[in-house]
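These notes are about the structure you will find just below.
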2 protein chains.
Amino acid sequence: MSTPLFSSPFTLGILGGGQLGKMMLYTTRKWDIATYVMDKDDTAPAFEGCTVFFEGDIMDYQAVMEFGEQVDVLTIEIENVNVQALQDLEDKGIAVSPSARVLNLIRNKAVQKQFYLDSNIPTAPFQIHEQPILNHGKDYPFIWKSAEGGYDGKGVKVIRQESDLTDLPQVECIYEDMIDFKLELAVIVARNSSGDMKTYPVVEMEFHPEANQVEYVVCPARIDDAVSEKARAIALEVSAAYDHVGLLAVEMFLTKNGDILVNEVAPRPHNSGHYSIEGSVTDQFEQHVRCVLDLPLGNTDSTVAAVMVNLVGEEGHTGNVIYDGIEDILAMPGVTPHIYGKKQTRPFRKMGHVTVVDKDVAVAREIAAKVKDRIKVVAED
Amino acid sequence: MSTPLFSSPFTLGILGGGQLGKMMLYTTRKWDIATYVMDKDDTAPAFEGCTVFFEGDIMDYQAVMEFGEQVDVLTIEIENVNVQALQDLEDKGIAVSPSARVLNLIRNKAVQKQFYLDSNIPTAPFQIHEQPILNHGKDYPFIWKSAEGGYDGKGVKVIRQESDLTDLPQVECIYEDMIDFKLELAVIVARNSSGDMKTYPVVEMEFHPEANQVEYVVCPARIDDAVSEKARAIALEVSAAYDHVGLLAVEMFLTKNGDILVNEVAPRPHNSGHYSIEGSVTDQFEQHVRCVLDLPLGNTDSTVAAVMVNLVGEEGHTGNVIYDGIEDILAMPGVTPHIYGKKQTRPFRKMGHVTVVDKDVAVAREIAAKVKDRIKVVAED
């Protein structure tokens with residue numbers, strides 16, 4: 001890229017002002033890259049720290065067009081954006097990463113699953129339906145997933161019997177085999193527009209049994225080197241198939257017989273990479289910025305083992321947030337809380353995360369359990 | 001502290017909007033702590049990323065009073081502030097760290113040197129004069145230092161003969177023995193208002209021979225463990241003597257016969273601690289924020305060896321800044337540039353720094369030399 005990016009009139013645009021956008025701003029501030037953010041909520045986490053904040057709906061065609069025309073490079077921090085506007089901005093010569101093409105291949109889970117099948121990427125067997133059907137021929141239990149709009153456990157349900165199918169929303173969906181997995185893994189792949197690619201180490205995701213949200217991310221995953229190499233190789237295949245620019249977070253199942261199946265992907269920084277702020281030479285947010293600006297990729301190696309704990313709102317608490325116990329966790333060794341800046345908590349809302357680092361991943365995981373136990377995201381009385 | 005700090009109405013104030021203030025804001029954003037910044041220049045590095053920016057002169061009594069009355073805790077990023085206003089704010093019950101008392105003991109180098117002598121802290125022999133005198137009885141060469149206002153090589157001169165004394169400013173000054181040192185070292189001490197203290201590892205400062213500015217900071221310093229322990233112990237003594245709250249960066253000479261002499265201190269984050277953003281479990285800016293908010297201190301251990309390179313404006317270049325070669329250094333392993341966001345460069349102006357990390361400090365130092373060689377801070381044609 002011949003335009004100077006640093007302390008110059010060059011402008012990066014981010015659609016979405018959530019925590020992922022906020023954490024990208026750490027890099028754009030570090031490099032003094034002018035960055036505009038659009039979100040419909042002017043109390044969004046990325047309101048502070050951007051150069052100019054635009055209040056606007058990222059699902060609205062006109063709003064995205066007007067925003068995109070003011071920047072040199074446009075990226076996203078969430079997939080739910082007006083993709084037609086991105087396509088039209090690309091056609092006008094704005095650099096958009098990830099592209100409208102890639103977003104169209106990823107945003108709809110039916111399209112995403114079909115893409116894996118067509119690209120010979122291992123994934124759990126599935127059926128696609130325009131709406132839930134009863135006459136499916138699958139063995140129970142299996143997983144129903146809404147094709148669009150689902151995240152963090154929403155739009156996903158375990159179907160144990162026919163009656164579980166009767167009250168589902170009448171929208172496009174997939175029926176997917178329930179995989180008897182040993183572990184859930186993730187690999188983040190970085191790719192710039194020159195085509196350079198790098199993978200981050202394999203991480204292990206531990207889920208909260210009820211909320212179906214990731215509770216801990218452990219880096220490195222406690223798996224054999226052979227499994228790790230296989231997971232990184234599959235992630236690179238997925239990345240190459242999409243031909244994306246930016247990060248691609250690839251979530252995978254490690255089955256009990258050692259197979260790896262791709263579950264889903266996200267074309268952006270991802271919860272499974274938050275540990276990298278403290279744990280990696282180049283964190284995922286800086287790496288995403290490097291990719292979309294077509295800069296050389298940074299070193300993805302870890303400097304230290306890290307465990308990330310998600311901070312979600314406690315059940316039964318809605319209102320002005322209080323981080324009860326945060327001073328106690330600040331006294332634990334190697335603990336860094338991240339507070340996203342959402343003023344209101346509600347049950348299971350992602351309010352922040354905590355990274356724990358230690359030379360020994362087992363020690364970090366133990367401290368992470370203490371962190372989880374001690375800090376509670378509650379509402380003011 | 002019983003007030004909730006995170007995502008709450010609590011407000012931290014920072015006097016000064018330079019790069020040190022900017023880097024403190026990385027922590028206040030991470031923790032969603034509302035932070036006001038005052039600087040007379042609204043293009044200052046910390047303009048973006050603070051909650052509210054106040055355009056005002058931090059040397060002006062009234063401006064500092066009005067600013068300080070709007071915050072719960074007040075800190076500084078530079079010592080040249082109106083200390084009388086800080087004293088009066090403390091008297092009104094605002095928590096000010098470092099305190100007016102500590103700033104008064106540090107800002108004037110004659111007072112600082114006398115304090116070392118009174119506190120039995122080893123320091124180079126010196127004389128204090130109301131203004132330069134010719135009849136001093138010292139052997140040449142020695143060092144002249146202006147008592148106030150000097151930094152980065154300004155206000156310091158090697159006196160080799162009597163005639164070097166004739167064109168000096170007629171201000172209070174010290175005449176100090178020129179120490180035949182082996183290395184210049186620094187130790188950062190963190191201390192919160194509960195009195196908890198921690199030291200960072202000893203770093204080695206390599207100076208640019210002409211500009212008298214630090215060119216490289218190497219962590220850990222390439223010294224024996226015994227010297228390292230001694231340096232950390234002396235830094236703790238200095239910290240205890242000042243009874244400060246916040247960081248105290250202690251610069252020291254390691255003499256050729258193994259003695260350690262304290263050169264000078266700064267009561268705030270310091271250039272010698274910039275490496276900690278990439279190299280330490282808890283970086284110095286987060287640590288300073290922890291101290292002034294009386295939070296538990298973070299872990300000061302390094303996760304990886306680090307070498308910091310200062311980026312200063314090239315000689316002969318004044319105008320809109322260009323970071324020539326920055327894409328080349330981004331391709332080097334473990335390299336993270338920091339661009340402070342000053343739009344105008346001039347010779348020797350501090351424009352940014354670069355951190356290089358590696359498991360092996362010698363490798364990091366080699367890459368740092370390549371970084372120094374490749375990147376040039378120049379002006380637009």
Side-chain angles (χ1 to χ4, degrees), chain A residues 1 4-8 22-23 25-26 28-35 45 48-51 277-279 281-282 286 290 294-299 301-304 320-324 326-343 345 351-352 357-359 380, chain B residues 1 4-8 22-23 25-26 28-35 45 48-51 277-279 281-282 286 290 294-299 301-304 320-324 326-343 345 351-352 357-359 380:
Chain A
M1 190 165 291
L5 305 172
F6 307 87
S7 293
S8 81
K22 174 183 171 176
M23 291 186 275
L25 296 177
Y26 298 166
T28 60
R29 290 299 304 123
K30 183 168 73 183
W31 289 349
D32 196 38
I33 292 174
T35 306
E48 271 181 50
C50 66
T51 310
I277 295 178
E278 288 80 14
V281 174
T282 304
E286 176 178 329
R290 285 179 182 238
D294 201 21
L295 293 168
L297 300 182
N299 185 336
D301 292 344
S302 289
T303 54
V304 65
N320 291 338
V321 66
I322 299 276
Y323 295 90
D324 181 45
I326 192 165
E327 297 192 20
D328 294 335
I329 72 162
L330 282 164
M332 299 179 187
V335 167
T336 306
H338 289 253
I339 303 300
Y340 296 153
K342 300 169 187 174
K343 308 302 179 200
T345 185
M351 300 297 288
V357 300
D358 195 89
K359 278 171 288 187
E380 243 177 11
Chain B
M1 190 165 293
L5 306 171
F6 308 87
S7 293
S8 82
K22 174 184 171 176
M23 292 186 273
L25 295 177
Y26 298 165
T28 60
R29 291 299 302 124
K30 182 168 75 183
W31 290 348
D32 196 38
I33 293 173
T35 307
E48 271 181 51
C50 66
T51 309
I277 295 178
E278 288 80 14
V281 174
T282 304
E286 176 178 329
R290 285 179 182 239
D294 200 21
L295 292 168
L297 299 182
N299 185 335
D301 292 344
S302 289
T303 55
V304 66
N320 292 337
V321 66
I322 298 278
Y323 295 90
D324 183 46
I326 193 167
E327 298 193 19
D328 295 335
I329 71 161
L330 282 165
M332 298 178 188
V335 168
T336 305
H338 289 253
I339 303 299
Y340 296 154
K342 300 168 186 174
K343 309 302 180 201
T345 186
M351 300 298 287
V357 300
D358 195 273
K359 278 170 289 187
E380 245 177 9

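Quick note on labels: first sequence line is chain A, next is B, and so on, each numbered from 1.
Taking both residues in full, the closest heavy atoms of B:Glu278 and B:Thr336 are given as OE2-CG2, 3.4 Å, listed atom of the first, atom of the second, then distance. When all heavy atoms of B:Pro337 and B:Ile329 are compared, the pair lying nearest together is CB-CD1, 4.3 Å.
By the side chain to side chain donor-acceptor pair (under 3.5 Å) test, A:Ser302 is found to be paired with no residue, residues two or more places apart in sequence or in another chain being considered. Here A:Thr282 pairs with nothing under the side chain to side chain donor-acceptor pair (under 3.5 Å) rule; sequence neighbours left out.
Ranking A:Leu297, A:Ile326, A:Val281, A:Asn320 against chain B, the residue ahead of the rest is A:Ile326, based on heavy-atom pairs under 4.5 Å. When A:Cys50, A:Pro45, A:Pro296 are compared by the number of non-hydrogen pairs under 4.5 Å with chain B, A:Pro296 comes out ahead. For the set A:Val357, A:Leu330, A:Val304, the count of heavy-atom pairs under 4.5 angstrom toward chain B peaks at A:Leu330. Options A:Gly49, A:Pro333, A:Gly352, A:Gly279 differ in how many heavy-atom pairs under 4.5 Å they form with chain B, and the most are formed by A:Gly49. Of the listed residues (B:Thr51, B:Val335, B:Val321, B:Asn299), the greatest number of heavy-atom pairs within a distance under 4.5 Å of chain A belongs to B:Thr51.
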**Study point:** B:Ile339 and B:Met351: CA distance, side-chain angles, deciding distance, side chain to side chain contact (heavy atoms under 4.5 Å, CB included) verdict
**Key:** CA-CA 7 Å; B:Ile339 303 299; B:Met351 300 298 287; over 6 Å; no
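Checking side-chain atoms of B:Arg29 against main-chain N and O of A:Leu25 turns up no donor-acceptor pair under 3.5 Å.
Neither the backbone nor the side chain of A:Lys359 comes within contact range of chain B; no heavy atoms are under 4.5 Å apart. At a 4.5 Å heavy-atom cutoff, the contact between A:Asp32 and chain B is made by backbone and side-chain atoms alike. Proximity to chain B (any heavy atom under 4.5 Å) is restricted, for A:Glu286, to the side chain, taken from C-beta onward. Of the two parts of A:Ile322, only the side chain, counted from C-beta on, holds a non-hydrogen atom closer than 4.5 Å to a non-hydrogen atom of chain B. Contacts between A:Ile277 and chain B at a heavy-atom distance below 4.5 Å are absent for every atom of the residue.
Between atom NZ of residue A:Lys30 and atom CZ of residue A:Phe6 there is a gap of 10.5 Å, rounded to the nearest 0.5 Å.
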